[in-house]
Amino acid sequence: MTDRDLLMIPGPIEFEPTVLEALGRKTLSHLDPRFIETFGKLLEDVRDVFGAPNCTPMVLAGGGTLAMELAATNVIDPGDNVLVYNTGYFSDRMARIAERLGANVDHVRAAIGEAPPLEALDKALTEKRYKIVTMTHVDTSTGVLAPVRQIASHAKKSGSLTIVDAVCSAGGEELHQASWQIDIALSGSQKALGAPPGLAIALFSQAAIEARKAKKVVPASLYLDIEEWLPIAQAYESRKPSYFSTPPVNLISALAASTQLLLEEGMSARVARHRWISHAFRAAWQALGLASLSVDPHATAHTLSALLYPTGIDASLIGAIRDEGVVVAGGLHPDAKTKYFRVGHMGSTRGGDVLTTVGAIERALVRMGYTTFEQGVGLAAANKVIGGALPHT
Ligand SMILES: *Cc1c(COP(=O)(O)O)cnc(C)c1O
């Protein structure tokens, strides 16, 4: 493996040079006016990225999983009913977090690779009152894209708070936290937001902040209590120094550089680019005869592809693709781990990266003896989409 290998996994991803430059700059004091400006601006930008004008953003040192715990810890009391709209491994993780907090957790499930029907959600919502409904916007283990807007709208009608795990979607998929009625949207820095791993991001609506205040039991974790963080976020936004726990100065500067690039591109242009890239990949997969684990194209992510190994091919394909200069990921869902692999295509991915990746996969398949396609058909199909207009759906 060399530094020239193309990293095409569902996070971390290839980062823009300005983002990495920000990471390598001299570490300023977290109270230096220049850093206060950077962090304050980042918090404002995060709100724009998530379409959340009235929400309070929090950015802490930690992974996406910490952002999940931050969301759950501040609104769940022991004995609360929590409903998980389950699309895979990360939905299960949210359920485990809620269970640790003493919640009674129910699931709305579907077969692996499918999004549960909204009728099943409605049925669950009429049978019991749920304080919270959680969903995974893109479940990175299955490539399923959940209909977040509808789920949240149904959940709010029945009086629940909504939590959306947007770790693999924010910055790549269409997402409007406020108008989609999401109380807490959360993410991590290393996926479509385009910065190195290490930051947990979560935005709280006023209702979510009220839910924290109304909690019967204070969070056992001091670090995860938003009551500690709210004054910090407010201080940085009004460009004033403050301290609770030292912010990871360099990572925050890197994320600030990345969100600036996101907003310069424009959120709707960025979402359109992700669709275009994913359509180019989908055309290639079809030409090569590679089936997606996620069954419905309308409920399939634009930030990654989860692909079943064709007959006669196993996980050693991943090593063969790496030998061709591209790094892809293996399966993650425990029920199908050895049956599929994943290609991340989010953040800075460009048309040329699609061709590099498809070419590497074609050559690796041929080397492994899978020859049911004519060499070059995947490349031609992808290139046709790349050369065409941006799709609207
Ligand atoms: C990656 C991911 C997480 C976990 O993020 P970490 O930074 O690995 O802790 C959670 N949810 C989804 C949907 C993810 O893709």
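Order of appearance sets the numbers: ligands from 1, and atoms from 1 within every ligand. Fair warning: this is a prediction, and the values are worked out from it, not measured in the lab. Along the sequence shown, residues are numbered consecutively beginning with 1.
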*asked:* Closer than 4.0 Å to some heavy atom of Thr136 - which atoms of ligand 1 meet that?
replied: 13 (C)
*Nearest to atom 9 (O) of ligand 1, what protein heavy atom do you find, and at what distance?*
Thr65 OG1, 2.6 Å
*Rounded to the nearest 0.5 Å, what's the gap from OG1 on Thr142 to CG on Asp139? Could you check?*
4.0 Å
Which pairs would a plain distance check flag for residues 330-344, meaning a side-chain donor or acceptor within less than 3.5 Å of a matching protein atom at least two apart in sequence or in another chain?
{"unit_1": "His333", "atom_1": "ND1", "unit_2": "Asp335", "atom_2": "N", "d": "3.2"}
{"unit_1": "Tyr340", "atom_1": "OH", "unit_2": "Ser141", "atom_2": "O", "d": "2.5"}
{"unit_1": "Tyr340", "atom_1": "OH", "unit_2": "Leu332", "atom_2": "N", "d": "2.8"}
{"unit_1": "Tyr340", "atom_1": "OH", "unit_2": "His333", "atom_2": "N", "d": "2.8"}
{"unit_1": "Arg342", "atom_1": "NE", "unit_2": "Gly330", "atom_2": "O", "d": "2.8"}
{"unit_1": "Arg342", "atom_1": "NH1", "unit_2": "Thr140", "atom_2": "O", "d": "2.9"}
{"unit_1": "Arg342", "atom_1": "NH2", "unit_2": "Gly330", "atom_2": "O", "d": "3.3"}

_Would Lys213 pass as a cation-pi partner of Phe204, given that its NZ or CZ must be under 6.0 Å from the six-membered ring centre and within 45 degrees of the axis?_
no
*Any chance the side chains of Glu173 and His302 put a donor and an acceptor closer than 3.5 Å?*
yes
All N/O donor-acceptor pairs, side-chain side in residues 368-381, below 3.5 Å, sequence neighbours left out:
{"unit_1": "Tyr370", "atom_1": "OH", "unit_2": "Leu288", "atom_2": "O", "d": "3.0"}
{"unit_1": "Tyr370", "atom_1": "OH", "unit_2": "Thr372", "atom_2": "OG1", "d": "3.2"}

*asked:* Any nitrogen or oxygen of Gly64, side chain or backbone, less than 3.5 Å from one on ligand 1?
replied: yes
*For Gly188 and ligand 1, answer yes if some heavy atom of the residue is under 4.0 Å from a ligand atom, otherwise no.*
no
*What part of Lys191, side chain, backbone, both or neither, has a heavy atom within less than 4.0 angstrom of ligand 1?*
side chain
*Number the atoms of ligand 1 from 1 as they appear, then name those within less than 4.0 Å of a heavy atom of Met68, with their elements.*
10 (C)
*asked:* Going by side chain to side chain donor-acceptor pair (under 3.5 Å), Lys131 matches just one of Asn104, Asn81, Asp80. Which one?
replied: Asp80
*Val138 heavy atoms, cut-off 4.0 Å: which ligand 1 atoms fall inside?*
13 (C)
_Show me which atoms of ligand 1 lie under 4.0 Å from any heavy atom of Cys168._
15 (O)
_Shortest protein heavy-atom distance from atom 8 (O) of ligand 1, along with the residue and atom involved_ = Gln190 NE2, 3.9 Å
*Return a yes/no value for Arg93: is any of its N or O atoms, backbone included, closer than 3.5 angstrom to an N or O of ligand 1?*
no
*How far does CD of Gln260 sit from CG of Leu255, to the nearest 0.5 angstrom?*
11.5 Å
*Do Asp165 and Thr136 have side-chain N/O donor and acceptor atoms under 3.5 Å apart?*
no
*Starting from atom 11 (N) of ligand 1, locate the nearest protein heavy atom and write down its residue, its atom name and how far away it is, to 0.1 Å.*
Asp165 OD2, 2.6 Å
*Check whether any N or O atom of Thr140, backbone or side chain, sits under 3.5 Å from an N or O atom of ligand 1, and answer yes or no.*
yes
*Protein contact to atom 3 (C) of ligand 1 [nearest heavy atom, distance to 0.1 Å]*: Phe90 CE2, 3.3 Å
_Side chains of His345 and Ser305 only: does a donor on one sit below 3.5 Å from an acceptor on the other?_
yes
